[in-house]
Protein chains: 2
Amino acid sequence: MLEDASLTNALPVTLTDKVRRGDLSSETCPSRQVLKNVTSQWGLLTLIALRDGKHRFGELRRKIGGVSEKMLTQSLRALEADGFIDRKVHHSIPPHVEYTLTPLGHEVTERVAALADWIELNYEKVLTVRQALASPNIR
Amino acid sequence: MLEDASLTNALPVTLTDKVRRGDLSSETCPSRQVLKNVTSQWGLLTLIALRDGKHRFGELRRKIGGVSEKMLTQSLRALEADGFIDRKVHHSIPPHVEYTLTPLGHEVTERVAALADWIELNYEKVLTVRQALASPNIR
DNA sequence: GGAAGTACGTACAAAAAGGTAAGTACCAAA
DNA sequence: TTTGGTACTTACCTTTTTGTACGTACTTCC
C-alpha cells in the first residue's frame, strides 16, 4: 500500500510489485473494494451509462435494464463514496437527484470499460478454449 | 454480444456500445463471468504471480499469501477454462502440475494489472473523498 | 379515490461465495 | 510408526450478496 511508499521514499508501490516481491500478506487490501465496486455488474454498467453525461436515477435504471432500485442505489452509493460519481440533490418533491462522473470517475471508467471491451471482443477466443476443454478427450 | 456483429456486419459491438444504445437486456452477459474471474481477489493475484513465469501449485500458494487450497484451485480452474492459464500435468507421484500464462493470459493480465495499479496509485484520492463524505456537515 | 411520478430505505428470504477440516494416494525421511 | 511433500476433492458451515416486497412523502392527473 501507499504507506510503504512513505517509509521507503521510493516510487509508489503497486499491488503488482508486492506480488512480485512476495510481500503480499493475507490482510484484505482496502483498494480491493474499489476494484470490486467498479467491476461489479451494476457498478460497471452505471459507470458506462454515466459516460454520456448527467443522468437521474430513473434514467439510469431504464438505461441499465434489469437492475433493481435497491442494487442501483447501492452501486451509486459505493461509487460516490469512492469519488467516481458526483450526486447533486435538488431539494424538491418529488425528489430530484442528478448523477455525473467526476474527473476521477471518467478516468476509471475509461480503464474499466477498456478491459470489459477487450474481454467482450476476445470472448470468442474464450469460447473456443472452453469448447476444447469440454471435449471428452481432455484430462 | 458478438452475435450482434454477425447480424449487422458492422464493427464488433462492445458492451460499451450496447449501454450507450440502450440495447442492454437484463440477461446475464456471458463475458461477465470472465470479467469476474480476472478481477476477483485470488484470480487477480494468481494472474499477477504467473507473470513471472511457470509456477507450481504450492509456489503460487506461498506467493499469494492467505489463499486457501480450495480458492486457489477454484481460481486456477476458472482462469484455465477462460484460456488465460495453461496447466501442464506431469504424471508422477507426488503430483506435479505446472501453471503458466497463455498469450491471451498475458494480454488480460497486463490490462487487469494496469487497472488495479491505477486504483492502488489513486487510492489516496479515494481515501480523501471518503473522509470528506464522512464529515457530519455533508448530506 | 387510485395511479403515476420522484429516489430512495427497510425487512426478510434466497442465492451465491467463501472458509474450515478432512480425505485421497503415493513416496521419502525421521 | 509419524511427518512432510505433492495437488487436489469433498462435506459442511458461515458469510456475503442479491432479490422481492413494501414503505416513505409529496404532487398531479384520471
Side-chain angles (χ1 to χ4, degrees), chain A residues 25-30 32-46 49-50 54-81 85-100 133 138-139, chain B residues 25-30 32-46 49-50 54-81 85-100 133 138-139:
Chain A
S25 69
S26 63
E27 71 186 37
T28 305
C29 174
R32 264 218 59 67
Q33 188 57 53
V34 178
L35 180 63
K36 287 189 73 171
N37 291 340
V38 300
T39 56
S40 68
Q41 177 172 6
W42 307 121
L44 171 63
L45 296 181
T46 300
L50 283 173
K54 183 187 305 183
H55 280 72
R56 292 178 65 180
F57 187 88
E59 290 173 308
L60 281 173
R61 187 147 181 246
R62 285 186 291 276
K63 197 164 192 177
I64 309 171
V67 64
S68 67
E69 297 177 345
K70 175 183 173 178
M71 292 314 300
L72 180 55
T73 301
Q74 196 164 300
S75 297
L76 287 166
R77 291 293 178 155
L79 294 171
E80 183 198 0
I85 284 184
D86 196 38
R87 174 172 174 272
K88 180 185 290 189
V89 183
H90 299 249
H91 293 285
S92 68
I93 295 291
H96 181 122
V97 183
E98 291 167 349
Y99 296 93
T100 55
L133 289 176
I138 299 288
R139 191 177 307 123
Chain B
S25 70
S26 63
E27 72 187 35
T28 303
C29 174
R32 264 217 58 68
Q33 188 57 53
V34 178
L35 180 63
K36 289 191 73 171
N37 291 339
V38 301
T39 56
S40 69
Q41 177 172 7
W42 307 123
L44 171 63
L45 295 181
T46 301
L50 283 172
K54 180 189 307 183
H55 280 73
R56 292 178 64 180
F57 188 88
E59 290 175 306
L60 282 172
R61 186 145 184 249
R62 284 184 292 275
K63 198 166 193 175
I64 309 170
V67 66
S68 68
E69 297 177 347
K70 175 184 172 177
M71 293 314 301
L72 180 55
T73 301
Q74 197 166 299
S75 296
L76 287 166
R77 290 294 178 153
L79 295 171
E80 184 197 359
I85 284 183
D86 197 37
R87 176 172 175 271
K88 178 184 291 189
V89 183
H90 299 249
H91 293 286
S92 68
I93 295 292
H96 181 123
V97 183
E98 291 167 348
Y99 296 92
T100 54
L133 288 175
I138 298 291
R139 192 176 305 128

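Just so it is clear: chains get the letters A, B, ... in the order the sequence lines come, proteins before strands, and each one is counted from 1.
Residue His90(A) contributes atom NE2, which lies 18 Å from atom C1' of dC26(D) at whole-angstrom precision. Atom CD of Glu69(A) and atom C1' of dC22(D) are 11 Å apart (whole Å). Between Glu80(B) atom CD and dA7(D) atom P the separation is 14 Å, expressed in whole Å.
With contacts defined as side-chain heavy-atom distances shorter than 4.5 Å, the pair Glu69(A)/Leu72(A) does not qualify. No side-chain heavy atom of Leu50(A) sits under 4.5 Å from any side-chain heavy atom of Leu79(A).
Partners of Glu98(B) according to the side chain to side chain contact (heavy atoms under 4.5 Å, CB included) rule, which considers only residues two or more places apart in sequence or in another chain, are Lys54(B), Arg56(B), Lys88(B), His90(B), His96(B). Residues passing the salt bridge (Lys or Arg N to Asp or Glu O under 4.0 Å) test with Glu59(A): none are found, sequence neighbours excluded. Scored by the side chain to side chain contact (heavy atoms under 4.5 Å, CB included) test, Thr73(B) finds Phe57(B), Arg77(B) as partners (sequence neighbours excluded).
Dashed line: the shortest gap from a side-chain N or O of Arg77(B) to OP1 or OP2 of dT9(D) is under 4.0 Å.
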Taking N or O atoms only and anything under 3.5 Å, show me the protein contacts with nucleotides 2-6 of chain D, one pair per line.
| unit_1 | atom_1 | unit_2 | atom_2 | d |
| --- | --- | --- | --- | --- |
| dT6(D) | O3' | Arg56(B) | NH2 | 3.1 |
| dT6(D) | O3' | Pro95(B) | O | 3.4 |

Base-contact (B) and sugar-phosphate-only (S) positions in nucleotides 16-21 of chain D, heavy-atom cut-off under 4.0 Å, - elsewhere:
-SBBB-

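The two residues Val67(B) and Arg61(B) come nearest to each other via the heavy atoms O-NE, 2.9 Å.
One distance of note links NZ of Lys36(B) with CD of Gln33(B); it measures 6.0 Å at 0.5 Å rounding. Taken to the nearest 0.5 Å, the OG1 atom of Thr46(A) stands 11.0 Å off from the CG atom of Asn37(A).
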